[in-house]
Amino acid sequence: MELEKITFEGVEQKRPMIIAGPCSAETEEQIMETARGLAAAGVKIFRAGVWKPRTKPGGFEGGGEACLEWLKRVKQELGMLTAVEVATEKHVKAALTAEVDILWIGARTAANPFAVQEIADALKGHDVTVLVKNPVNPDLELWIGALERINNAGIKRLGAIHRGFSEYEKSLYRNPPQWHIPIELRRRLPELPIFCDPSHMGGRRELIAPLSQEAMDLGFDGLMIEAHNCPDCAWSDKNQQVTPEALAVILDHLVIRETTQTTESLAELRREIDKLDNQLLALLSKRMRISHEIGQYKKEHNMPVLQAQRYDEILSLRGAQATELDLNPEFIITVLRAIHEESVHVQMKLINK
Ligand code: PEP
Ligand code: MN
């Protein structure tokens, strides 16, 4: 992928790059009031959705093109850069005409290659920064595919926004982070800047600070956070927005650790970890060999592979042992489940041979 650094005049090159603003542009007053608060908090890039993709019809779907005039005011009067979500060719054209600085593709749109290609085609020949949110479903290839479509259209100032992935079961998060996915994205595209959106991930304002810190500890480049002059009166996503003042406090408390420094003692500890991982692998291989022998015995004696009582025993015994060893029993049970599943798989293959 051919990429260029995302830099803006007047925006200091430091981690994290902050994009903040309301979920939706509601009224001119709300936009100006929020933007003033954010500018005072030192935020340079203002976001607002003017076309809102809603799960169900009947919700507030955004004021549309007319609201772009308010973003122009934010640019002119406060000197901020602006960012807007686009989902169609029409949105791209309107946003570019209004001189919006950053266009982002939302999670629902990123999941649809037809829509992403339509946006990519509309972007051809334009010099603008584009951020692509992860698709709603946890599919890294689909996310990378969307980034490639935009990059192939000649957009080099490109970034990704991690906003978590939807899940059928309710959990602490609105969209659980599944951090391994953006970590793998970083491994695959090391030059691509990654932002975290803790608002849509957490769905609750109390989760913005801890999720932002996690993102910083994982080396993310920026944060996109929803902020509103009156979060409780917001027309969309009110539980996950904070006032500009609260945002300033959250940002102030973030601990930013250097990403590039590797000290000698860290290298020493890493060698230690490598050694232990080698031992773990050797042990696992030995355990699998024994499991294979047990499978052989079960086959000869016509016994079923799964011995549920034995499995139960292993789980409860090791769970208790984990606690004694200062290990999280849930974690140990997850590991043992995976090992047991593989053992059953190995024995099944053997018995059916
Ligand atoms: C938004 O940023 O307001 C939005 C709709 O987010 P997402 O696409 O991540 O759901
Ligand atoms: Mn929102």
Side-chain angles (χ1 to χ4, degrees), residues 17-26 30-31 34-35 38 43 45-57 59-64 67-68 71 82-88 91-92 95 100-113 115-116 119 129-139 142-143 146-147 150 159-167 173-178 181-182 185 194-205 207-208 211-212 215 220 222-243 247:
M17 186 180 272
I18 304 292
I19 303 173
C23 178
S24 304
E26 299 162 5
Q30 167 246 10
I31 285 294
T34 307
L38 289 169
V43 174
I45 310 174
F46 184 77
R47 67 149 274 162
V50 308
W51 299 282
K52 301 304 298 179
R54 305 311 300 274
T55 301
K56 297 231 173 91
F60 174 58
E61 297 195 321
C67 311
L68 294 172
L71 293 185
T82 54
V84 143
E85 172 176 351
V86 292
T88 66
H91 297 167
V92 173
V100 172
D101 304 278
I102 299 176
L103 310 185
W104 88 81
I105 297 179
R108 291 157 192 80
T109 311
N112 178 352
V116 176
I119 295 169
T129 300
V130 179
L131 304 177
V132 181
K133 285 200 171 191
N134 63 264
V136 277
N137 51 322
D139 184 339
L142 194 57
W143 195 1
L147 288 157
I150 303 300
I161 305 174
H162 172 223
R163 48 76 85 192
F165 300 89
S166 71
E167 214 176 36
Y173 305 105
R174 178 178 177 193
N175 293 292
Q178 304 216 38
I181 298 176
L185 177 66
I194 308 181
F195 288 72
C196 174
D197 171 347
S199 306
H200 290 88
M201 197 179 273
R204 296 199 276 136
R205 53 185 78 110
L207 292 175
I208 292 177
L211 286 169
S212 300
F220 278 51
L223 295 169
M224 178 188 259
I225 301 180
E226 286 190 337
H228 192 292
N229 63 324
C230 173
D232 287 331
C233 350
W235 298 359
S236 60
D237 286 351
K238 64 179 183 176
N239 298 328
Q240 64 189 42
Q241 308 203 53
V242 285
T243 59
L247 180 71

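Below, each value reflects all heavy atoms present in this structure, side chains not excepted, and no hydrogens, waters or symmetry copies. These figures come from a predicted structure and were not determined experimentally. Whatever order the structure lists them in is the order used to number ligands and atoms, beginning at 1.
- Between R205 and E226 there is no salt bridge, since none of the side-chain N atoms of the basic residue sits less than 4.0 Å from a carboxylate O of the acidic one.
- Where the criterion is an N or O separation shorter than 3.5 Å, residue side chain and backbone included, D237 fails it with respect to ligand 1.
- The contact set between ligand 1 and C23, taken as ligand atoms under 4.0 Å from a residue heavy atom, comprises 3 (O).
- For atom 4 (C) of ligand 1, the closest non-hydrogen atom of the protein is H200 NE2, 3.4 Å.
- Less than 4.0 angstrom separates some heavy atom of E226 from each of these atoms of ligand 1: 1 (C), 3 (O).
- Across V130, T109, L103, V100, a single residue satisfies side-chain contact (heavy atoms from CB on, under 4.5 Å) together with V86, and that is L103.
- Heavy-atom contacts of G106 reach the following atoms of ligand 1: 8 (O) (cutoff under 4.0 Å).
- In this structure the side chain of I225 reaches within 4.5 angstrom of the side chain of P198, judged on heavy atoms.
- The single protein non-hydrogen atom nearest to atom 8 (O) of ligand 1 is A107 N, 2.8 Å, given as residue, atom name and distance.
- Put simply, the angle at the Mn ion (ligand 2) from OD2 in D237 to SG in C23 is close to 90°, to the nearest 10°.
- Near R163, meaning under 4.0 Å from one of its heavy atoms, ligand 1 places the atoms 7 (P), 9 (O), 10 (O).
- Ring pair W143/F165 is perpendicular by interplanar angle, where above 60° counts as perpendicular and below 30° as parallel.
- A salt bridge is absent between K52 and D237: the closest approach of a Lys/Arg side-chain nitrogen to an acidic carboxylate oxygen does not fall below 4.0 angstrom.
- Within ligand 1, counting atoms from 1 as listed, the ones closer than 4.0 Å to a heavy atom of R108 are 7 (P), 8 (O), 10 (O).
- With a 4.0 Å heavy-atom cut-off, ligand 1 is reached by no atom of M224.
- Between the side chain of R54 and the main chain of F60, a donor-acceptor pair closer than 3.5 Å is present.
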Residue pair I150, I105: steps toward the side-chain contact (heavy atoms from CB on, under 4.5 Å) verdict: CA-CA 10 Å; I150 303 300; I105 297 179; 3.6 Å; yes

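- Scanning all protein heavy atoms for the shortest distance to atom 5 (C) of ligand 1 gives E85 OE1, 3.6 Å.
- Under the side-chain contact (heavy atoms from CB on, under 4.5 Å) test applied with I45, the options I19, I18, T129, L38 reduce to a single match, I19.
- The nearest heavy-atom contact from the protein to atom 7 (P) of ligand 1 is K133 NZ, 3.4 Å.
- Side chain of H228 to backbone of C233: no donor-acceptor contact under 3.5 angstrom is found.
- The N, O or S atom of E226 with the smallest distance to the Mn ion (ligand 2) is OE2.
- Here is the list of ligand 1 atoms found below 4.0 Å of a heavy atom in K52: 1 (C), 3 (O), 5 (C).
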